[in-house]
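Both counts, for ligands and for their atoms, begin at 1 and track the order of listing.
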Amino acid sequence: MTSTSSSPVTETILNFIDGSYRKGSEGKSFPNVNPATGSQIGLVHEASQADVADAVAAAKAALTGPWGKMTTAERVKLIAAVATEIERRADDFLAAEVADTGKPRHVASHIDIPRGAANFRMFADVVSTMPGESFNTSTPDGGQALNYTVRKPKGVVAVVCPWNFPLLLMTWKVGPALACGNTVVVKPSEETPRTAALLGEVMNAVGMPKGVYNVVHGFGPGSAGEFLTSNPDVDAITFTGETGTGQAIMQKAAIGVRDISFELGGKNPAIVFADADLDKAVEGLSRSVFLNTGQVCLGTERVYVERPIFDAFVARMAAAAQGFKPGVTGDRAYLGPLISAEHREKVLGYYRRAVEDGATVVTGGGVPEISGAEAGGFFVEPTLWIDVAHGDTVMREEIFGPCCGIVPFDSEDEVIALANDTVYGLCASIWTENMSRGHRVAAAMDVGVCWVNSWFLRDLRTAFGGSGHSGIGREGGVHSLEFYTEITNICVKL
Ligand SMILES: NC(=O)c1ccc[n+]([C@@H]2O[C@H](COP(=O)([O-])OP(=O)(O)OC[C@H]3O[C@@H](n4cnc5c(N)ncnc54)[C@H](O)[C@@H]3O)[C@@H](O)[C@H]2O)c1
Ligand SMILES: O=C/C=C/C=C(\O)C(=O)O
């Protein structure tokens, strides 16, 4: 059986438990909608609490089966095979991701799918090259002792994922989790179940032992998400999503003292100094505001511009914004839809609030005229505001849409204070040709990641994550090992 099966009504998307696809045991299902058209294109089978328990039990059993007995080299070989199989089936993953998200094909083909393979390959490399730690210890009796550490998998890891980069963000967790010898139960977003389900076919194709990778579909509270994070046989929880959801999951993790790794929301600032290369800044920031229709946790929703270039910058950004044509088909494709009608209403609510609070709409601010197949899609206009106050709602709350407020500043100290005045701490970008200032201001940002004259440039070996309401912990390169392994220090008296 495969991840999906066509039926007269619509494609069904199944759970993947203990190496097999199956419907939910309580017969519940929910619609799978293409955001570009608003039409139902699938039916997702919701996992019951019993199904989730079966998935956790299968993951737990796999830890003491062939998977748990594998050497690192054998595990790494399998994980590299997963990456190769994802690349071989790139078109299938692309079709699944585009169906679920409605995003333009070139966005998914250049970002989402390649990172799906890279995330496995990266951590196969990390675990096969990661050095251990040891110390030669002088002992009080005048002798010696040897201290060294061994790393062991944490066990069953719950992976709870968002809908904006479904394959990328799920494999950013599953890659290191499996590389370190854990087993996983994945709960993809209810909006985007397909690629997680499809990955089950890849796992079977490469011979991954059953129970190592499991997928349960459903929602959060009172559904698969809560059933998974509440299951006492889950040893650790890695979550990417909204801050409020993180807080709810953290409460569940506390029972049984389970470790957590959180990638949460943000309200990321950009600072454009008067000496910035405007071509670079406009290119980078227009991507940062409008890529994935603004549904990027690392995206920029507030820009501070040094006063002398404020008007020129606004004009350039407005021209760039108008180049992002809402729609995903035809030659004008760039700005895809928001993920759902509900999310579009949330974003349009912020569009209205900005104007109510006195903002001037430089461009956008509403819903585009779209005819044909995409008329039912969840599109909004790319939008820029000026005459916004730093304390306005649209400058403080995460919107997660294709919009940003632009505010002038006059001094470095002033703009550092403005940029850091937020409960979040995910990322920032600094645009200046004065590199001592670039280094200085970047270091002054209270964030997990700061780019200088660039945005969303990713070296997967680097520490990635946020502080404050943006998350707990860092993942990436060796940093992921801190979450996905337990350490035992062994001291041998010589
Ligand atoms: N920091 C990052 O790297 C990063 C990356 C992508 C997205 N995000 C954030 O994710 C949000 C958008 O994604 P979203 O709308 O899917 O987030 P969300 O929090 O609504 O849902 C994320 C996942 O959590 C599940 N969930 C919801 N409530 C739950 C509960 N009580 N228990 C268990 N699971 C639960 C959902 O079903 C979904 O699978 C934005 O806030 C964005 O900033 C952060
Ligand atoms: O929407 C958020 C995107 C997050 C990206 C990553 O986690 C990454 O690039 O590893």
With nothing but distance in play, are any N or O atoms of [X] less than 3.5 Å from an N or O of ligand 1?
| X | answer |
| --- | --- |
| Glu242 | yes |
| Cys297 | no |
| Lys187 | yes |
| Thr240 | no |
| Ser470 | no |

| query | Would the number of heavy atoms belonging to other residues, nucleotides or ligands and lying under 6.0 Å from NZ of Lys280 be above 12? | reply | yes

| query | Are more than 12 heavy atoms from other residues, nucleotides or ligands located less than 6.0 Å from atom NZ of Lys154? | reply |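 Yes, because the 6.0 Å sphere around NZ of Lys154 holds more than 12 heavy atoms from other groups.
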
| request: Answer yes or no: is there an ion pair linking Arg121 with Glu87, defined by an N-O contact shorter than 4.0 Å? | output: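 Yes, charged N to carboxylate O under 4.0 Å.
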
Of all the non-hydrogen atoms in the protein, which one sits nearest to [atom], and at what distance?
| atom | result |
| --- | --- |
| atom 28 (N) of ligand 1 | Thr245 CG2, 3.3 Å |
| atom 12 (C) of ligand 1 | Phe400 CE2, 3.7 Å |
| atom 16 (O) of ligand 1 | Trp163 CD1, 3.0 Å |

Numbering as shown, the atoms of ligand 2 that approach [X] to under 4.0 Å (heavy-atom distance):
| X | value |
| --- | --- |
| Asn164 | 1 (O), 2 (C) |
| Phe456 | 9 (O) |
| Val296 | 1 (O) |
| Arg115 | 8 (C), 9 (O), 10 (O) |
| Arg458 | 8 (C), 9 (O), 10 (O) |

Does ligand 1 have any atom that is closer than 4.0 Å to a heavy atom of [X]?
| X | result |
| --- | --- |
| Cys161 | yes |
| Ser223 | no |
| Phe262 | no |
| Phe165 | no |
| Pro221 | yes |

| field | Under-4.0 Å heavy-atom contact with ligand 2, by part of Asn292 that carries it | value |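 The answer is neither; Asn292 stays 4.0 Å or more away.
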
| query | Heavy atom under 4.0 Å from ligand 2: found in Glu263's side chain, backbone, both, or neither? | reply |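 Near ligand 2, Glu263 shows nothing, with every heavy atom at 4.0 Å or more.
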
Kindly say whether the aromatic ring centers of [X] and [Y] come within a distance under 6.0 Å.
| X | Y | result |
| --- | --- | --- |
| Phe30 | Phe219 | yes |
| Tyr350 | Trp385 | no |
| His479 | Phe464 | no |

| For the residue pair Leu14 and His217, what are the closest heavy atoms and their distance? | O-NE2, 2.9 Å

| Looking only at heavy atoms, what is the nearest atom pair of Gly19 and Asn204, with distance? | O-ND2, 3.1 Å

| Should Gln295 be counted as touching ligand 2, given the test is an N or O pair under 3.5 Å? |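 Looking only at distances, the answer is no, because the N/O contact criterion of under 3.5 Å is not met.
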
| task | Looking only at distances, please establish whether an N/O atom of ligand 2 is found under 3.5 Å from an N/O atom of Cys297. | result | yes

| query | Would you call Glu475 a ligand 2 contact, heavy-atom distance under 4.0 Å? | reply |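 Contact check Glu475 vs ligand 2: negative.
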
| message | Is the shortest side-chain heavy-atom distance between Cys297 and Glu263 below 4.5 Å? | response | no

| request: With salt bridge (Lys or Arg N to Asp or Glu O under 4.0 Å) as the test, would you mind laying out the steps for Arg105 and Glu97 before giving the verdict? | output: CA-CA 9 Å; Arg105 288 177 64 85; Glu97 201 74 303; over 6 Å; no

| note | So the ring pair (Phe, Tyr, Trp, His ring centres under 6.0 Å) pairs with at least one residue in residues 81-101 (sequence neighbours excluded) are none

| request: Tell me whether the guanidinium CZ or amine NZ of Arg458 lies under 6.0 angstrom from the six-membered ring centre of Trp172 and within 45° of its axis. | output: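 That pair qualifies as a cation-pi contact.
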
| field | Under-4.0 Å heavy-atom contact between protein and atom 19 (O) of ligand 1 | value |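 When distances to the protein are checked, atom 19 (O) of ligand 1 has a heavy atom within 4.0 Å.
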
| message | Run the side chain to side chain donor-acceptor pair (under 3.5 Å) test on Tyr424 and Glu398 for me, step by step, so that the C-alpha distance in whole Å, both residues' side-chain angles and the decisive distance to 0.1 Å come before the verdict. | response | CA-CA 9 Å; Tyr424 293 106; Glu398 178 184 63; 5.0 Å; no

